[in-house]
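What follows is a short report on a single structure.
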Amino acid sequence: MANKIKSRAGATKGETPDKAPALPAASDTPTHYAESRGHGGETHQSTDDTAQTLTTQQGVPVADNQNSLRVGERGPTLLEDFILREKIFHFDHERIPERVVHARGYGAHGVFELTDSLADYTQADVLSTVGQQTEVFVRFSTVAGNKGSMDLARDVRGFAVKFYTTQGNWDIVGNNIPVFFIQDAIKFPDLVHAVKQEPDRAFPQAQSAHDNYWDFASLSPEAWHMVMWQMSDRTIPRSFRTMEGFGVHSFRLVNAEGKSTFVKFHWKPRQGLQSVLWNEAVKINGADPDFHRRELWTAIEGGDFPQWDLGVQLFDQETADSLPFDHLDATKLIPEEQVPVRIVGTLTLNRNVDNFFANTEQVAFCTQNVVPGIDFSDDPLLHGRNFSYLDTQLKRLGGPNFTHIPVNAPRCPVMNFQQDGHMAMRNPKGRANYEPNSWGPDGGPRENPTIGYRSFPAEVQGIKQRIRAETFADHYSQARQFFISQQPIEQKHIGDALVFELSKVERVDIRARAVSHLRLIDEGLAATVADGLGLDLPEPAQAAKPTLDLPPSAKLSILSNGPKDFKGRKMGILLTDGSSADLFAALTKALEAEGALWEVVAPKIRGVTLDDGTQVAAKQKIDGGPSVLYDAVAVLPSETGVAMLTRDATAKDFVTDAFAHCKFIGHNDAANALFNAAGMMERDEGFVALAKAKDAKTFVSQCRALRIWSRELDVDLDAASLQTSQ
Ligand code: HDE
């Protein structure tokens, strides 16, 4: 029987994976393309066949689909680039009305308070006056999934902040990862097409674990730093509240004297970093697909307002020139050890939306929303974004007046001669609707050279060409740096994620091509992943530049930057009729003292009657409250209650999952019967006996460590083949 099932599952009609036609390997890049890009690490396919030639919508043949037109190697991208503009324009208009990327999101209102003035660096009022509070709206999102997809997808999270400043709206449209997959905006539609559902079958939903994504990634050496972040636990955060945020690109701050300083923006969560395990994420998606939005909503409703500190990395041209990579390349970060992060303010989310559509759906972020004193760098990805966001809002929100929608409307006065259009809400009065005019005080607003926005007068020159700068060519050094900066268990998770994702890829040649890149990042990781796939180690990919040995950076690890307490975390307390009232009271008191949350899980939603006759309502019936919803669990049944639980499959799952996910398990004596029935014969230090009321306090303080990671090595088959460079 088992054999029969196996052979049926293995045979996929007409597509035996081993026999799929091989795509050219990384080294097959046609030379005339390789030359035109300035370095040979890039891989893609071109053709001399007229019938196969890529064209624009007007039928114009496209010679280079990888690089946009810019002045000089590293200069600004030109508006004249009709190929770039048409491609992105068309891409932006593919979906209506959901966002083409970041469709699934959740937002909240809040406030930003400046704690350290940057007036020496910028004219921006929002960054100058200490103590000043600025209203903000924040939207978190996943990238690949559709609007109705689940929250715990393995995916990058969007972290977009709109500041309603006294000088107009300023948006930091960032992610929870400081780097990106691609270096040039012209590649973005391909990246997104590759990661979203495959076009013929419309699946898989919200997952990169499929052939198209890994085909694209394995043909794109520039993606591999980001791929390492993507395969880390960063892409399965425990909560929006436990993620960092990053503006990714370099921007400029410009002060009153016109001096420019480069800046990278960081959001550091006061809640500490925390992620879940992949097996947990898979189960959370079934138990509560709204896990993240529910969690944020509940925290804000309960007055536990999430907070992030705004940090800036400030650096001048000289520092930029001294870095072993180009700060205009969005696939690179600047380690905090090289340019420290200076904390300048705090963001607090303190108000849920009163209408999801009006706020979270209609909010229109644009990277080009900057205020006097904040300007762009020449990052080619940023330039593409500056075009794309305005364009996408026009499609999504149906006209040019989306700034009239309350969530998008500036809080400072708006005065100009723009008029009419769909759904115009702000209609100027009076006779003059042009400028200059001679209607005196009735003639409307005038330009103001003193406080008006002025672009930094950067000097640029060069020949017009489609080229990737030579300084963008090292694709593996920071990927390796990221990997060696992780704690061993985090490295294991990266290996596990790669094996999981590539095991969903049907074509063996794509799996092998992916592993060929890992060999340039970490040989131990490459060997682990090849072994996990049952694959012979492929030859290393062809690198344009040798991988540098950059030093590890502790800031890149989640576990090295975790919380110091159990505040804001949630415990599931499994009770039955007859459970101890004293123990329950002591535990909930200790949790509340810590600022932690708890929920009662019981055989019936009615709740339980404790041994002193008190009734306690349940938040979850056990079937709907699996332990994956909690950071730690307490199992406190009565002797008679546990006899019933030992016959219940979900009660057994509750404890075996808590164990497998390395959680702390507080328990009374009776609970041992359930552990035994579930086959959990061994107890490690994560099992905490709760005999007397005073044990509750000790248990809660132990939970601050969040997980017993050593346990994972005993419960996971893949741990046996763990080979890392550490
Ligand atoms: Fe976006 N991106 N993006 N992106 N992005 C969008 O704008 C785009 C990129 C990010 O909560 C779209 O309003 C291009 C990097 C966030 O509403 C669209 C390129 C980063 C959000 C778009 C990028 C982001 C978006 C879709 C390559 C991190 C959600 C809907 C040049 C720094 C904002 C919309 C929200 C949304 C285009 C790359 C972050 C299509 C062309 C890099 C957080 O305009």
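Start at 1 and go down the list; that is how both ligands and their atoms are numbered.
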Q.
Show the atoms of ligand 1 that are less than 4.0 angstrom away from any heavy atom in Ala185.
A. 31 (C)

Q) What protein heavy atom is closest to atom 28 (C) of ligand 1, reported as residue, atom name and distance in Å? A) Asn175 ND2, 3.1 Å

(Q) Is it the case that over 12 heavy atoms from other parts of the model lie below 6.0 angstrom from the CD atom of Glu301? (A) yes

Q: Establish, yes or no, whether a centroid distance under 6.0 Å links the rings of Tyr106 and Phe240.
A: no

Q. What protein heavy atom sits nearest atom 33 (C) of ligand 1, and how far off is it?
A. Phe365 CD1, 3.8 Å

Q.
Consider salt bridge (charged side-chain N to carboxylate O under 4.0 Å, His left out). Of Arg466, Arg85, Lys464, Arg70, which one does Glu80 pass it with?
A. Lys464

**Q.** Polar proximity ligand 1 side, Gln393 side, N/O cut 3.5 Å exclusive
**A.** yes

Q. Is it true that Gly105 lies under 4.0 Å from ligand 1, counting heavy atoms only?
A. no

Q) What are the atoms of ligand 1, with element, lying closer than 4.0 Å to any heavy atom of Leu381? A) 27 (C), 31 (C), 42 (C)

Q: Check Arg234, Arg157, Lys555 against Glu244 for a side chain to side chain donor-acceptor pair (under 3.5 Å) and give me the one that passes.
A: Arg234

Q) Considering residues at least two apart in sequence or located in another chain, which fulfil the ring pair (Phe, Tyr, Trp, His ring centres under 6.0 Å) criterion with Tyr213? A) none

Q: Could you tell me which atoms of ligand 1, counted from 1 in the order shown, lie closer than 4.0 angstrom to a heavy atom of Val100?
A: 40 (C)

Q | Nearest protein heavy atom with distance in Å, relative to atom 43 (C) of ligand 1 | A | Gly174 O, 3.1 Å

**Q.** Atoms of ligand 1, numbered as shown, that sit under 4.0 Å from any heavy atom of Arg139
**A.** 11 (O), 17 (O), 35 (C)

Q.
Pairs of nitrogen or oxygen atoms closer than 3.5 Å, one from Arg99 and one from ligand 1: do any exist?
A. yes

Q.
Please check if the number of heavy atoms outside Gln133 that lie under 6.0 Å from its CD is greater than 12.
A. yes

Q: Just jot down the ligand 1 atoms closer than 4.0 angstrom to any heavy atom of Thr392, in number order.
A: 7 (O), 13 (O), 30 (C), 34 (C), 40 (C), 44 (O)

Q) So how far is it from Asn67 CG to Phe472 CZ, rounded to the nearest 0.5 Å? A) 10.5 Å

**Q.** Residues Asp309 and Arg270 bridged, charged N to O under 4.0 Å
**A.** yes

Q.
With ring-ring contact (aromatic ring centres under 6.0 Å, His included) as the test, pick out the partner of Phe315 among Phe251, Phe262, Tyr121.
A. Phe262

Q.
Ignoring waters, how many N, O or S atoms from the protein are under 2.8 Å from atom 1 (Fe) of ligand 1?
A. 1

Q | Phe246 and Trp308 aromatic centres sub-6.0 Å | A | no

Q) Are Trp224 and His475 close enough that their ring centres sit under 6.0 Å apart? A) no

